[in-house]
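Just so you know, ligand 1 is whichever comes first in the structure, and atom 1 is the first atom listed for that ligand.
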Amino acid sequence: MTRFYLTTAIDYVNSPPHLGTAYEKVCADVIARYHRLRGHDTRFLMGNDEHSQNVFKKAQELGLEPLAYCDQMEEVFRRTWARLDVSFDDFIRTTEARHKVGTTEIARRLYDAGDIYEGVYEGWYCVSCEEFKQEKDLVDGNCPLHPTLKPEWIREKNYFFRLSKYQQPLLDHFAAHPEFMQPDNRRNEILRLIEGGLLDVSVSRAGQSWGIPLPWDPGSVVYVWFDALINYASAVGLGADPEMFERWWPADLHIVGKDITRFHAVFWPAMLMSARLPLPRQVFGHGFMTLNGQRMSKTLGTIVDPIAAADRRGHDPLRLYLVKEVSFGGDGDFSWERYDERYNVDLANNLGNLVSRVASMAHRYRGGRLAPAGATSDQLARLAEQVVADYRTAMDGLALHEGAAHAFRLVDAANEFIAATAPWALARDPGQSDRLGQVLFDSAEAIRLASVLLEPIMPSSCREILRRVGADPTGVSFDRDARWRNDGARMLLQEGPLWPRVDTDRPKETTVTDNPVPPDAPSPGARPPAGQVAPAAGSPSAAGPAPAVPVASAPTADRISIDDFMRVELRVAKVLAAEKVEKSKKLLKLSVDVGSEQRTLVAGIAEAYEPEALVGKTVVVVFNLKPAKLMGIESNGMVLAASPDGGTPTVVTFENPPEPGTRVR
Ligand code: MSP
């Protein structure tokens, strides 16, 4: 089986993740999920880079031991990645023992190869970059990336790595493996740099305690970049587990930002050459995310909190925005307005509306059950085949934005197909019954296939769509499922809108048409007129000309909008363990599996349930509730229960329990 080992840069933990760092992780996650979809044995590594001076300083400022601070930050990072549905297989911290083993191993190998020598470094150091700088790297005496922070002038005993010795071997490697550094523009930049000559580099820092001691001189610590790069190898057992290392090394792909490609495409391969270890197959340098065209910076206040962005429209809409709106490899911009706009255009009005309309028509005309009733649409089937091939080429070539766009070609084609075949008209003619059945089946098939292709980008939404179009949402496989099918009966589910349309104050991309058309017969592109809320599946307007329905007369002033409701993330959870909370009559401490992680929460149901009776039950929890301390226990979430005034609570459970982590809405 093809194996695929993929990594991202490991993050400095002196501040929480922002949308720029999150962008990298989401894109890497899409790649990892694509490989899993292809059936590859995939390992996706992420982690935290903790031995930075900034981390040390930050901990001091907070009066914490550096490791205690890093422990706290690990939680912050993990929470963010869980919120974005990032599915890493392993998460490494550079303070872990396994990383010390790997770092020591490489340091020793370089030393034994005669590539390390002692010297004195005198020059500039930018603490924010954690980088030794030459005069020519500075602009007006400042680091161009951190113009407000003066670089430090340092003079200290350092050990140097003979990087200069690897100039020619690196050039040879680049020539023999043009794919080693991508995209091409960054490859050319790096090539120019190597051709310009390489200076030896420091691999240690003197007089510091925060770091991994050098094996041959424990008075110095390993320079943070030297330490950080090794994480990719120590995470797969370098120096500790030869079998594991043999299985996973070399990495297939390092995904990193354009600012650190030099470390990955020059320094790292040279270190590996010296250590006589194979080189990673590819380094991909992605671009930078800006906010309204400005560099993301804490001091400028131009940081976007990825959790806030996910909370606003859901993690999948955010993931789609990041992947589809930015050409992978280039820079991209985020703005809240554009995010809302794309949400409306791609999801509320396009894909979401398509799913609702097809389900609605299936129920209206076929009781929800669709089966082939003749020849499939050649046109749609042929286009689907082409889309799958184009998608695959794009994704294999890391053109993630193109992959997303190809999948949406199929969504557009399905909308156009419905407009052209007009099922509502076929339904009026009994002689066209088979044709109607086939048209609906083909439309549902196009949705199914598009969802398979979009699954790496919007995993939970696509699984939900697959469920709604009567396909198996589990264990989706590219080889088996990314092909046009005209077989089997499917029961479509008619449920609420996947992505309710939101109001934005900005001009819409939708076009208002004066020509009244029934809602099943939209203009090409399937966009309802500007301002019109996408009809919910099951609502009369979703399935054809609206019959007269009484307008609800209940007062609506106190009601909340669907947006407000969707902010509450309810998830299916399985109770793994339960125990009474000491000194409390009412409280039980539960450990639950919420799909992406295991959580502890405290529930006031002890008077109604024995702890053992709860173990194994599938319940519903409020996933995004702020943690609260109850009797000294931090509760991360809340179990839903019917709680009559003065009566005993009854926990909400399921007749057929869904997978933990499934969203309840
Ligand atoms: N710790 C180093 C990496 C060591 S890898 C062996 C580091 N950390 S970082 O926290 O500063 O950055 C982590 C990743 O996020 C890097 O790949 C960096 O390029 C990327 N990004 C930081 N800001 C970004 C944007 N505004 N946009 C996109 N990616 C961004 O560097």
Side-chain angles (χ1 to χ4, degrees), residues 6-29 45-56 58 70 73-74 76-77 80-81 84 86 91-95 99 102-103 106 126-131 143 145-146 186 211-212 222-235 251 253-269 271-272 280 283-300 302-306 309 321-323 325-334 400:
L6 161 78
T7 70
T8 62
I10 50 173
D11 294 329
Y12 290 133
V13 295
N14 47 309
S15 48
H18 58 70
L19 197 67
T21 43
Y23 168 70
E24 172 177 286
K25 309 311 184 260
V26 166
C27 291
D29 187 57
L45 171 73
M46 287 177 25
N48 284 349
D49 191 354
E50 302 185 333
H51 287 133
S52 145
Q53 286 181 59
N54 287 317
V55 172
F56 184 76
K58 186 78 192 199
C70 292
M73 290 309 280
E74 180 189 9
V76 173
F77 276 79
T80 309
W81 306 143
L84 301 184
V86 172
F91 192 89
I92 190 165
R93 294 175 50 183
T94 52
T95 47
H99 181 60
T103 304
I106 291 226
C126 172
V127 180
S128 287
C129 294
E130 289 286 13
E131 212 179 323
C143 164
L145 294 176
H146 304 99
R186 300 207 203 293
I212 298 177
V222 174
Y223 165 48
V224 61
W225 261 105
F226 185 85
D227 156 347
L229 289 162
I230 297 168
N231 88 86
Y232 305 128
S234 48
L253 180 61
H254 292 319
I255 298 286
V256 298
K258 63 179 181 180
D259 56 330
I260 58 170
T261 49
R262 213 157 38 89
F263 288 101
H264 286 81
V266 181
F267 199 25
W268 179 225
M271 283 163 64
L272 289 166
V283 175
F284 188 92
H286 63 76
F288 261 41
M289 286 300 293
T290 51
L291 173 67
N292 299 317
Q294 274 188 297
R295 188 168 71 88
M296 287 204 186
S297 137
K298 231 164 67 175
T299 23
L300 296 174
T302 47
I303 293 287
V304 174
D305 172 8
Y321 180 96
L322 296 177
V323 171
E325 289 310 292
V326 184
S327 105
F328 194 49
D331 293 335
D333 189 50
F334 179 88
L400 309 182

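Only the side chain of His264 comes within contact range of ligand 1, with a heavy atom under 4.0 Å; no backbone atom does. At a heavy-atom distance under 4.0 Å, atoms from both the backbone and the side chain of Asp11 approach ligand 1. Residue contacts with ligand 1, taken as heavy atom pairs separated by less than 4.0 Å, involve Trp225 solely via side-chain atoms from C-beta onward.
For atom 26 (N) of ligand 1, the nearest protein heavy atom (residue, atom name, distance) is Met289 O, 3.2 Å. For atom 23 (N) of ligand 1, the nearest non-hydrogen atom of the protein is His18 CE1, 3.5 Å. Of all protein heavy atoms, the one closest to atom 7 (C) of ligand 1 is Tyr12 CE1, 3.5 Å. Scanning all protein heavy atoms for the shortest distance to atom 16 (C) of ligand 1 gives Glu24 OE1, 3.6 Å. Among all protein heavy atoms, the one lying closest to atom 25 (C) of ligand 1 is Gly20 CA, 3.4 Å. Remark: minimum distance from atom 15 (O) of ligand 1 to any protein heavy atom is reached at Thr21 CG2, 3.3 Å. Protein heavy atom in closest approach to atom 18 (C) of ligand 1: Asp259 OD1, 3.6 Å. For atom 2 (C) of ligand 1, the closest non-hydrogen atom of the protein is Ile10 O, 3.4 Å.
By the 4.5 Å heavy-atom criterion applied to side chains, Phe334 and Val326 are not counted as neighbours. Using a 4.5 Å cut-off on side-chain heavy atoms (C-beta onward), His264 and Tyr232 make contact. No side-chain heavy atom of Ser128 sits less than 4.5 Å from a side-chain heavy atom of Leu145. Proximity of Glu24 to Phe288: side-chain heavy atoms (C-beta onward) are nowhere separated by under 4.5 Å.
Residue Gly287 approaches ligand 1 through these ligand atoms, each under 4.0 Å from one of its heavy atoms: 28 (C). Every atom of ligand 1 with a heavy atom of Asp49 under 4.0 Å away is listed here by number and element: 1 (N), 2 (C), 4 (C). Of all atoms in ligand 1, numbered sequentially from 1 with element shown, those under 4.0 Å from a heavy atom of Ala9 are 5 (S), 14 (C), 16 (C), 17 (O). If you number the atoms of ligand 1 from 1 as listed, the ones under 4.0 Å from a heavy atom of Gly257 come out as 17 (O), 19 (O). Taking every non-hydrogen atom of Ala228 and a distance limit under 4.0 Å, the qualifying atoms of ligand 1 come out as 6 (C).
Without hydrogens or angle criteria, Thr94 side chain to Glu50 main chain gives a donor-acceptor distance under 3.5 Å. No donor-acceptor pair under 3.5 Å is formed between the side chain of Ser297 and the backbone N or O of Ile303. Looking at Asp333, its side chain does come within 3.5 Å of a backbone N or O of Gly293 through a donor-acceptor pair. In this structure, the side chain of His254 does not engage the main chain of Thr261 through any donor-acceptor pair within 3.5 Å. Side chain of Arg186 to main chain of Gly329: a donor-acceptor pair is present (N/O by atom type, distance under 3.5 Å, no hydrogens or angles).
Judged by the shortest distance from any of its heavy atoms, Ser52 lies outside the 4.0 Å radius around the atoms of ligand 1. A heavy-atom separation below 4.0 Å is found between Tyr232 and ligand 1. The shortest separation from a heavy atom of His286 to ligand 1 is under 4.0 Å, placing the residue in contact.
Defined by atom type and a distance below 3.5 Å, a donor-acceptor pair is present between the side-chain atoms of Ser52 and Glu130.
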Please table the atom pairs, donor to acceptor, closer than 3.5 Å between any side-chain atom in residues 9-17 and protein atoms at least two apart or in another chain.
residue	atom	partner	partner atom	Å
Asp11	OD1	Lys25	NZ	2.9
Asp11	OD2	Lys25	NZ	3.3
Tyr12	OH	Trp225	NE1	3.4

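In this pair, Phe328 and Phe284 present their aromatic rings parallel. The plane angle is below 30°, not in the 30 to 60° band.
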